[in-house]
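In what follows, a structure is listed as structure tokens, so that the remarks can point back to it.
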Amino acid sequence: MMPRKSKEHAKSVSEELEKEYENMLDQGLEEPALSVSYELEDLEGVGRITADKLRKAGFYSLKDIAYASAHELAEVLGSEDRALAIIRSAQRLIGGGKMFMTAKEVYERRQKIAYISTGVKALDALLEGGIETGAITEFIGEFGAGKTQICHQLAVMVQLPKESGGLGAKALYVDAEGTFRPERIAQIAQHRGVDPESVLSNVIYARAYNSDHQMLIVDEAKKLIEKENVKLLIVDSLISHFRSEYPGRENLAARQQKLNRHISQLLRLASLYDIAIVVTNQVLAAPDVFFGNPLRPAGGNIMAHGCTYRIWLRKGKEGKRIARIIDSPKHAEKEAAFQIAEEGVIDL
Ligand code: GTP
Ligand code: MG
């Protein structure tokens with residue numbers, strides 16, 4: 001039995017756990033591979049009834065428990081002490097929670113990251129390999145910049161075999177703006193020489209009607225990812241519902257808090273299931289900028305910190321598009337040009 005602890009203590013330990021988790025994310029680490037598969041019922045102090053309760057609340061696997069915060073788990077279990085004990089037990093079972101490792105180990109783990117080709121050589125070069133698994137890649141740009149077109153193309157690219165730049169896996173497409181067009185997927189597939197019909201059946205689609213619904217979809221996605229071999233999750237756009245539901249300065253704090261939860265949800269999926277996450281974001285005009293670029297990405301610091309790689313798209317002359325990487329921990333601030341055509345997103 002764990003000794004009873006004060007609420008403050010539980011809170012500080014839970015913050016510790018979150019920090020540990022954040023550190024892992026910062027270093028792009030995944031937990032060691034599972035060799036044995038455990039059920040929730042294998043956790044100390046979890047019987048069938050508690051396990052069912054946990055599953056109902058969206059905690060399906062040991063991984064979900066091991067990286068949950070004591071605070072959120074306490075909402076299901078009733079007490080933070082109990083939540084902490086169960087989190088620790090899950091971490092022991094999966095052998096996770098490894099706090100220190102050498103740079104060599106970090107390097108070796110990074111070698112295992114997979115890339116999805118964008119289908120555009122110039123963009124792949126800009127991204128040094130393509131869209132990375134275990135990370136969130138954000139495409140930012142004004143209307144018509146090509147964000148949705150890139151999402152459609154990636155939903156095809158991820159399905160291609162490794163030698164053609166894909167991961168031989170499925171895509172999960174969360175459409176917040178109602179701009180998903182299966183015909184376009186079929187067109188792009190045809191151009192890549194793959195059967196449009198089978199490509200269409202390997203894109204799992206969900207329309208998000210509001211921000212709560214969008215978050216619910218991402219929660220439910222956990223059930224599909226491993227079962228359906230999903231390696232790419234697309235959210236187009238991440239931010240539109242949040243912006244329209246929380247307008248104005250007075251709602252900003254609430255909006256950012258919720259957006260933060262949504263992005264943490266996504267980061268967790270990226271890291272636990274080793275999938276690539278691609279999101280799109282809008283730009284807005286900063287009223288206080290008189291010199292230089294008055295546009296800036298929506299979502300503020302929370303978006304900036306949450307997304308691993310940010311690519312800003314802008315429209316050039318004659319259908320040309322220019323992509324620029326901003327704030328990347330590993331890329332130089334370079335640009336690449338491409339175009340949108342009948343065949344999809346292609347090199348100039
Ligand atoms: P918002 O969602 O409005 O913020 O814009 P976005 O960045 O998502 O733009 P989107 O990806 O929808 O790009 C739209 C552009 O793609 C348009 O300007 C079209 O010119 C181009 N486009 C879309 N479909 C086709 C197509 O079938 N053929 C060609 N040639 N261009 C297309
Ligand atoms: Mg769009």
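Counting starts at 1 for both ligands and their atoms, following the listed order.
Taking the centre and axis of the six-membered ring of Phe143, the NZ or CZ atom of Lys315 falls inside the cone set by 45° and 6.0 Å. Seen from the ring of Phe338, Lys121 does not count as a face-on cation partner, given the 6.0 Å and 45° thresholds.
With values rounded to the nearest 0.5 angstrom, Leu266 atom CG is found 4.5 Å from Ile277 atom CD1.
Residues Trp312 and Leu295 form a side-chain contact, since some pair of their non-hydrogen atoms from C-beta on lies under 4.5 Å apart.
Residue-and-atom listing of protein N/O/S atoms under 2.8 Å from the Mg ion (ligand 2), sorted by chain and number: Thr148 OG1.
Relative orientation of the His152 and Tyr173 rings is perpendicular, given thresholds of 30° and 60° on the angle between their planes.
Shortest non-hydrogen contact noted between Ala276 and Ile131 is CB-CG2, 3.9 Å. Among all heavy-atom pairs drawn from Ile86 and Val46, the shortest one is CD1-CG2, 3.5 Å.
Heavy atoms from other residues, nucleotides or ligands lying under 6.0 Å from NZ of Lys330 number more than 12. Shown here is Glu343, whose CD atom has more than 12 heavy atoms of other residues, nucleotides or ligands within 6.0 Å.
Protein residues with a heavy atom closer than 4.0 Å to ligand 1 are Glu142, Phe143, Gly144, Ala145, Gly146, Lys147, Thr148, Gln149, Glu177, Arg184, Gln187, Arg321, Ile340, Ala341, Glu342, listed by chain and number.
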